[in-house]
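Mind looking over this structure? Questions follow.
Quick note: residue numbers are just sequence positions, from 1. Below, all heavy atoms of this structure are taken into account, side chains as well, without hydrogens, waters or symmetry copies.
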Amino acid sequence: MVGVSDGQPSAQAPATARTRIGRPLLSLALASMMDEVHAHSGAVYLLASKEPVLEMAVMAGLPRAFAAPWERVGLSAPIPVADAVRERRLVWVGGEEEMARLYPRISVVLPYPFALAALPVATESTAYGAVFVTWPGSHPPDLSDRERTHLSAACDRLAARLARALEDSVPLLPEPDLLGGPGLAGAAGTLGSVESARMVARLPYGLCSLDLHGRISFANAAAAELIGVPVSRLLGTQLWASVPWLNDPVYEDRYRAALMSQQSTSFVALRPPGDWLSFRLYPSTSGLSVRITRARAVAEMNRGHRPADDAPSRLVTISQVLSLAGALTEAVGVQDVVQLAADEIAPAVGSQALVVLGSRAGRLHVLGHHGYPDSHVVERFDGLPLLERTPGTHVLTTGVPAFFEDQQQLERLYPAREATPDGFAAWAYLPLIASGRPVGTLVLAYTEPHGFPADERAVLTSLGGLIAQALERAVLYDAKHQLAHGLQAALLPHSLPPLPGIDAAARYLPATQGMDIGGDFYDLVPAQGQAAAVIGDVQGHNVTAAGLMGQIRTAVRAYTTVGQPPAEVMRSTNRLLIDLGADLFASCLYLRLDAEHGRAVMARAGHPPPLLRRPDGRVRVLDLAGGPLLGIDGSATYQTTQVDLAPGSVLALYTDGLIESPGTDIEDALADLGRVLAETGDLPLDELADRLLESRAMPRGRIDDVAVLLLRARARG
C-alpha cells in the first residue's frame with residue numbers, strides 16, 4: 001500500500017485496489033537517481049497507509065542491515081528522511097562530524113565518513129515518502145548544483161509516477177533490494193581466468209573476497225594458512241563469525257566502515273597465542289577485497305608485553321554507546337549527568353578527567369567536574385565572560401568541536417592557556433547541542449598526548465549529542481525542582497508560632513518520585529488565648545495541588561481567626577473547596593487546643609487518625625468521629641470529639657504518606673508507628689519527629705509526601 005499526505009505529513013490516504021505493476025518502479029527510479037549523481041547507496045521510503053510512519057520500500061548499494069534501526073521511522077523522528085518529508089526540503093549532511101552534530105542517533109550506529117542527502121517524494125499537494133542517497137567520505141562537503149538539480153528532478157518524477165499509480169488504483173508490490181552481483185564460488189570466476197587464479201594461489205600473502213554482506217566468496221591458500229581455518233570452512237561465512245579470535249565488534253566495524261566510506265581501511269588482530277596479523281580492506285560497490293599479512297612491526301612493538309587480547313579496547317562500540325544512551329535517560333539532575341559521564345563515558349573513551357561547562361547571563365559556568373587533583377584549576381574558569389578567548393567559550397558559542405592532541409597544539413591557538421596549566425596533556429572539547437542550540441561544553445582531558453582519528457572524533461561528537469539531550473533535561477529538572485521547593489516553602493509555615501501551654505515540632509518530606517511538590521500541609525494558629533492546629537493532604541503531586549493547599553491553609557486560618565468552632569471551620573472549608581471548582585479532594589484534621597483545661601476538640605474529614613501518647617508511655621489510636629473528604633459534598637457536616645490532654649501527653653498528627661506503602665498493611669504500619677512513639681516519646685519533639693520519619697523510611701523512596709505535626713502539653717503552673 002502507498003500512503004500519501006495532502007500537504008500535512010501526518011495525514012495519509014491509502015491507495016485502493018492492489019494490482020501488479022509491470023516494472024519495479026521504485027528500484028529503477030532509485031538506481032537511475034544514484035547513477036546520475038554517482039551515489040554509493042540509497043533507499044526509498046513510502047508513507048504508511050494509516051499512520052504517520054515512513055517505511056523503507058527498497059534499498060540499494062548496501063545490505064539493509066546497515067539501516068536496520070531506521071526501516072520504520074516516525075515523521076516526528078530526528079532522522080533526515082523524516083525531516084525531508086515533514087519540512088518539504090532537501091536535507092544535506094556533508095560529513096561525519098556534521099552527522100554527529102545534527103543526527104547523533106545515526107552517527108552513533110554509523111560513525112563513518114560519508115555524506116547524505118534526503119529529499120521528499122512529493123507533488124505540490126501530496127507527500128508520498130522520501131529518498132536518501134549517500135556518497136563516500138571523499139565527497140566534497142557541499143552538494144553541487146548539478147547533484148541538487150538531478151536529485152530534485154528525479155524525486156519529482158517519482159512522485160508523479162506514484163500519483164498516476166494512485167489515480168489508477170495501482171499500489172506497489174514489494175521489490176527486492178539492489179545489491180552487487182552474487183558472490184562467485186571460485187577464484188576463476190572472481191578473477192576472470194584460470195591463470196589468474198593460479199597466480200593468486202602463488203601469492204605469499206593472504207587474499208579474500210567478501211560480498212556486501214561480509215560473506216567470503218574466495219580465499220587463497222595463504223589466507224587459510226594465516227588465519228588457521230581451511231578454505232572449505234571459510235567460504236560462504238562471515239570472517240568474524242567463522243574465526244573465533246576475530247569475533248569482536250571492532251573487526252566487523254572495520255568492514256562496515258570500509259563499505260560506508262568506500263575508503264580502504266585496515267586493522268591488526270592477534271591470532272593466539274602470539275601472531276599479529278594485518279588486514280587491509282579494499283572496498284568497491286560490489287564487495288571487499290581483503291589482503292592478509294603478518295604484522296611484524298606490531299609483534300616487535302608488543303614483545304615482552306602482555307597479550308593485547310587481555311588489554312581493554314578503548315574503542316567505543318555501538319553496544320557501549322547504546323548502553324550509555326540508555327543510562328543517560330535515567331539521569332535526573334545536572335550532577336547525575338556529570339557523575340554518569342565520569343563513571344561510564346570517560347573510562348570508555350580513555351579519558352582521565354572531565355568538565356561540564358554551561359552558560360548563564362553571558363558568562364561561563366562550571367556545572368561539574370571530575371578527575372582534577374586540584375579543583376581550583378577548574379573553578380577559576382567559573383564566571384568567565386563568553387567573549388573571553390578560551391577553548392571552552394569558543395566551542396560553547398560556535399558549536400564546533402575542538403581536539404588538541406598535545407599541549408603545544410592548545411597553547412598555539414590559546415596562548416593564555418599556558419598561564420593556567422591543569423596537568424593534562426590532551427583535550428577534546430565537545431559542544432553539547434540540544435534542540436538545535438548549544439547548552440554547554442564537555443571537556444575530556446587525557447594525561448598523555450592523545451591522537452584523535454576521524455572515527456573517534458565522530459564517536460566523541462555523537463556522545464556529546466547524547467549528553468546534551470540529557471543535560472538539557474537535567475537543567476530543566478533542576479529548575480523545576482528549585483521552583484517546587486520554593487513554592488512549597490512559601491506555602492508552608494516558615495516557623496511554628498509559640499503557643500500557650502503547648503510545644504510543637506513539624507516535618508515535611510516531598511515524594512522522591514515526581515516533581516517533589518504536593519498538597520500535604522500543616523499549620524498552627526494562635527486563637528483567643530487558645531490555639532488551633534491543622535494538618536491535611538490535597539489530592540495530587542503537582543503545582544495545582546500545592547496551590548489549592550495554600551488556599552485551604554489560608555481559609556482555615558481565616559475561619560479560626562474569626563472564632564468559628566471546629567465543626568464550622570470544617571464545613572466552611574468544605575464549601576470553599578467546592579466553590580473553587582478545582583475537582584480535587586482533600587483530607588483534613590482540625591484541632592482546637594485548650595492547654596489550660598487540658599483538652600482538645602477535634603474534627604476530621606477523611607484523614608488518618610492521630611496517635612495519642614499518654615504521660616505513662618501508653619499509646620492509642622484516636623477513633624474520631626468525622627465526615628467525608630473536603631470537596632465532595634457541599635452539605636456535609638463534621639462531628640467533633642473532645643480528647644483529654646494531660647501534661648506530658650503527645651499528639652502525633654501525620655499524613656497518609658507516613659503509613660502507606662506498597663505491600664504494607666495500614667494496621668501494621670500504625671502499630672509500628674505507635675511502638676516507636678511509645679519507646680521514644682520522652683525525647684525532645686524535634687528528635688522525636690526525626691525518629692518517626694526514620695522508622696517509616698522506604699527502601700525505594702517515597703511515593704507520597706509526608707507531613708508530621710507533633711504537639712506536647714506542658715505542665716500547667
Looking only at non-hydrogen atoms, find the nearest pair between Ala223 and Ile292 and report the distance.
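Between these two residues, the closest heavy atoms are CB-CD1, 4.1 Å.
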Heavy-atom distance under 4.5 Å between the side chains of Cys155 and Met33, does that happen here?
yes
Taking atom CG of Leu357 and atom CG of Leu367, what is their separation to the nearest 0.5 Å?
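That separation rounds to 7.0 Å.
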Flag side-chain contact, heavy atom, 4.5 Å: Pro401 against Arg457
no
Side chains of Ser152 and Leu119, heavy atoms from C-beta outward: is any pair under 4.5 Å?
yes
Qualifying residue, where the test is side-chain contact (heavy atoms from CB on, under 4.5 Å) with Ser261 and the options are Pro113, Pro283, Ser138, Pro136:
Pro113
Evaluate the side-chain proximity of Leu281 to Phe267: yes if any heavy-atom separation is below 4.5 Å, no if none is.
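A side-chain contact under 4.5 Å exists here.
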Let me confirm one number: the OG-CE distance from Ser41 to Met59, rounded to the nearest 0.5 Å.
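Ser41 atom OG to Met59 atom CE measures 5.0 Å (nearest 0.5 Å).
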For the pair Ser351 (side chain) and Ala445 (backbone), establish whether a donor and an acceptor sit closer than 3.5 Å, ignoring hydrogens and angles.
yes
Nearest 0.5 angstrom please: Ile79 CD1 to Tyr103 OH, how far?
8.5 Å
Name the residue from Pro78, Pro80, Ser462 that meets the side-chain contact (heavy atoms from CB on, under 4.5 Å) definition with Ile106.
Pro80
Got a donor-acceptor contact below 3.5 angstrom from the Ser32 side chain to the Ala29 backbone?
no
Between Gln262 and His40 (side chain of the first, backbone of the second, donor and acceptor by atom type, cut-off under 3.5 Å), is there such a pair?
no
So, the side chain of Asn220 versus the backbone of Tyr205: is there a donor-acceptor pair under 3.5 Å, distance only?
yes
Could you tell me if Thr461 and Arg101 have a donor-acceptor pair between their side chains, going purely by distance under 3.5 Å?
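Looking only at side-chain atoms, Thr461 and Arg101 do not form any donor-acceptor pair under 3.5 Å.
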Thr126 (side chain) donor-acceptor with Thr123 (main chain) under 3.5 angstrom:
no
Might you point out which heavy atoms bring Ala219 and Ile216 nearest each other, and give the distance in Å?
CB-CG2, 4.2 Å
With sequence neighbours excluded, give me every ring pair (Phe, Tyr, Trp, His ring centres under 6.0 Å) pair touching residues 138-177.
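Counting only pairs at least two positions apart or across chains, the ring pair (Phe, Tyr, Trp, His ring centres under 6.0 Å) contacts touching residues 138-177 are Trp92-His139, Trp135-His139.
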Give the minimum heavy-atom separation between Leu432 and Ala468, together with the two atoms involved.
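Closest approach of Leu432 to Ala468: C-CB, 3.3 Å.
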Would you give the length of the straight line joining atom CG of Leu471 to atom CD1 of Ile433, rounded to the nearest 0.5 angstrom?
12.5 Å
Does the pair Ser76 and Arg86 meet the rule for a side chain to side chain donor-acceptor pair (under 3.5 Å), with working shown?
CA-CA 8 Å; Ser76 61; Arg86 192 173 59 250; over 6 Å; no
Taking the six-membered ring of Tyr112 as reference, does the cationic atom of Arg256 (NZ for Lys, CZ for Arg) lie under 6.0 Å from its centre and within 45° of its axis?
no
Apply side chain to side chain contact (heavy atoms under 4.5 Å, CB included) to residues Leu162 and Leu166 and explain how you reach the verdict.
CA-CA 6 Å; Leu162 291 172; Leu166 184 63; over 6 Å; no
Would you say Leu239 and Ile227 make side-chain contact, with heavy atoms under 4.5 Å?
yes
Under 3.5 Å: donor-acceptor pair, side chain of Glu175, backbone of Ala57
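Absent.
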Going through the checks in order, is the side chain to side chain contact (heavy atoms under 4.5 Å, CB included) test met by Leu413 and Phe404?
CA-CA 10 Å; Leu413 291 177; Phe404 304 97; 3.8 Å; yes
Could you tell me if the side chain of Leu442 sits less than 4.5 Å from the side chain of Leu463, heavy atoms only?
no
Is there side-chain contact between Val229 and Ser242, with at least one heavy-atom pair below 4.5 Å?
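No, too far: nothing below the 4.5 Å cut-off.
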Pro176 and Ser27 have their tightest heavy-atom pair at O-OG, 3.5 Å
Kindly compute the distance separating OH (Tyr446) from CG (Leu354), expressed to the nearest 0.5 Å.
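The CG atom of Leu354 is 10.0 Å from OH of Tyr446, to the nearest 0.5 Å.
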Heavy atoms of Met260 and Leu110 approach each other most closely as CE-CD1, 4.3 Å
Non-neighbouring partners of Arg215 that pass salt bridge (charged side-chain N to carboxylate O under 4.0 Å, His left out), sequence neighbours left out
Asp211
Around Arg89, counting heavy atoms of other residues, nucleotides and ligands shown, do more than 12 lie under 6.0 Å from its CZ?
yes
Heavy-atom donor-acceptor pair, Asp336 side chain to Gly333 backbone, under 3.5 Å:
yes
For the pair Glu147 (side chain) and Leu143 (backbone), establish whether a donor and an acceptor sit closer than 3.5 Å, ignoring hydrogens and angles.
no
Compare every heavy atom of Ala130 with every heavy atom of Val81, then report the nearest pair and how far apart it is.
O-CB, 3.8 Å
Working note: Phe403 + Leu444, criterion side chain to side chain contact (heavy atoms under 4.5 Å, CB included); need CA distance, chi angles, decisive distance, verdict.
CA-CA 10 Å; Phe403 302 92; Leu444 296 171; over 6 Å; no
Distance from Ser266 atom OG to Arg291 atom CZ, nearest 0.5 Å?
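Answer rounded to 0.5 Å: 11.0 Å.
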Compare all side-chain heavy atoms of Trp70 with those of Met56 and state whether any distance is below 4.5 angstrom.
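No, every pair of side-chain atoms sits at 4.5 Å or beyond.
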Parallel, tilted or perpendicular: which describes the rings of Tyr255 and Phe66, with under 30° parallel and over 60° perpendicular?
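The rings of Tyr255 and Phe66 stand perpendicular, inter-plane angle above 60°.
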When you look at Leu54 and Leu47, which way does the side chain to side chain contact (heavy atoms under 4.5 Å, CB included) test go after all the steps?
CA-CA 5 Å; Leu54 287 166; Leu47 281 164; 3.7 Å; yes
